[in-house]
Amino acid sequence: MPEYVNDGRSGDGRPGERDPRDRTSPDYSRDRPPGSDGSSGARTEEAFTARVADLGSRLSAAAGRRARDTAADRNETSGETDPDAATAARGMAYGMRMASELVAAVAVGGGIGVGLDRWLGTWPWLFLLFFLLGFAAGVLNVLRAYGRIAREIAAARRDGDGGVDASARQ
Amino acid sequence: MPDPIHQFAIHKIVPLKLFGWDASFTNSALFMLIAVLLTALFFFFSLRSRSLVPTRLQSMAEIAVEFVQNMLRDTMGEDGMSFFPFVFSLFMFIFVANTLGLIPGGFTVTSHIVVTAALAILVFVTVLVVGFAKHGLRFLKLFVPPGVPIYVLPLVTAIEVISFLTRPVSHSVRLFANMLAGHITIKVFGGFVVMLLGAGIYSTLAPLPLLMAIAMTALEVLVAFLQAYVFTMLTCMYLSEALHPEH
């Protein structure tokens with residue numbers, strides 16, 4: 001399941017951040033605070049802020065590296081495991097979503113109609129009316145769901161390969 | 001052929017009558033309890049150390065939390081975070097319940113529409129309560145789309161209301177139908193294996209449905225996660241409409 005979870009933005013919430021900075025091993029000598037080596041210079045405010053800024057830039061570099069690594073991981077693993085199964089499951093989810101939206105709306109509309117008819121004794125007129133309204137509502141639901149999916153697929157294409165997760169949304 | 005529906009049967013474990021209602025402790029209730037306990041224990045043990053460099057368990061817990069967090073943030077922005085406990089509990093419960101059902105001999109709680117409908121109605125009522133509490137009667141603007149000529153407004157409003165009432169139905173049916181269909185399919189292919197084995201020369205064909213059953217099980221693992229995700233995602237979207245009914 002990491003395929004869906006580690007989409008590279010789980011850490012910082014900034015989508016699509018792929019920091020292309022160096023992949024070389026970090027320079028551990030920088031771990032020591034400036035001023036701790038030799039010179040007894042007090043840790044001044046500037047030294048501290050410089051260190052914090054340095055830490056921040058290294059952190060974001062590491063985050064970028066991790067995002068890239070997990071992306072590479074994901075591509076490898078999704079190549080190894082059966083990609084057809086994943087696609088099939090996602091396609092099934094899309095299909096079921098559309099079908100259930102339409103059917104549920106028709107059923108709810110028809111149900112309301114039958115209920116009102118029983119109550120008011122006007123069978124079958126309100127049933128017919130609400131059945132049609134339910135059908136319209138179902139088409140509306142499907143169009144809305146489809147619009148959302150299309151938007152997500154478009155967004156996924158823009159993001160490049162980072163769209164596995166986005167396109168999985170219903 | 002073994003009955004593919006038998007796996008969904010409810011048995012009473014501890015019969016109990018409360019005020020004339022049948023409130024027995026059933027196998028379904030047992031698996032719900034197991035799902036809740038597993039989730040609670042998982043988070044208790046994984047978050048016990050709370051180290052800066054997470055252990056494997058802790059990073060699993062963090063991945064789960066961040067996953068739902070991002071979902072909320074994407075749909076509602078920061079003010080959606082007040083729903084985090086609710087949405088996260090829903091996600092973990094459905095996911096663990098779906099996964100428990102895949103264990104041989106397990107019971108799939110979410111393959112019963114009573115359970116999924118209860119969850120969907122919980123979401124529906126939450127949306128109504130939050131919507132009316134935050135926006136009062138302005139929440140009803142949800143049913144009156146802007147820019148519609150007055151003479152078709154009653155029709156459009158009726159359609160919007162029906163569309164709104166459809167939500168708990170499709171929300172619950174989708175989860176229930178997916179779990180039910182998947183488990184029945186696996187069972188049917190398993191049944192084919194047994195039948196072929198007892199059919200003389202044709203028993204050489206028995207590995208074919210077995211392979212299919214294995215492939216279906218792999219697919220069901222994906223579906224278990226995907227359906228928990230879809231249910232949670234839709235919950236987020238419905239809640240976001242309660243917070244911001246104007247769009």
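In the text below, chain A, chain B and the rest are named by the order of the sequence lines, each starting its count at 1. The figures here come from the full heavy-atom set of this structure, side chains too, leaving out hydrogens, waters and symmetry mates.
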_Nearest atoms (heavy-atom pairs only) where L57(B) meets F42(B)_ = CD2-CE1, 3.4 Å
*Interface residues of residues 103-120 of chain A facing chain B - heavy atom cut-off under 4.5 Å*: A104(A), A105(A), V108(A), G109(A), I112(A)
_To check you understand the geometry: which heavy-atom pair defines the closest contact between S100(A) and S170(B), and what is its length?_
O-CB, 3.9 Å
_Which portion of L140(A) sits near chain B, non-hydrogen atoms under 4.5 angstrom_ = side chain
*Kindly indicate whether the side chain of H171(B), heavy atoms from C-beta on, has any atom under 4.5 Å from the side chain of V123(B).*
yes
*For the pair H183(B) and F8(B), name the ring-plane relationship: parallel under 30°, tilted 30 to 60°, perpendicular over 60°.*
perpendicular
_Which atoms of E62(B) are under 4.5 Å from chain A, going by heavy atoms: the side chain, the backbone, both sets, or neither?_
neither
_I'd like to check F164(B) versus R167(B) (side-chain heavy atoms, cut-off strictly below 4.5 Å). Are they in contact?_
yes
*Pairs touching residues 131-153 of chain A that satisfy ring-ring contact (aromatic ring centres under 6.0 Å, His included), sequence neighbours left out*: F127(A)-F131(A)
*Kindly indicate whether the side chain of F139(B), heavy atoms from C-beta on, has any atom under 4.5 Å from the side chain of L128(B).*
yes
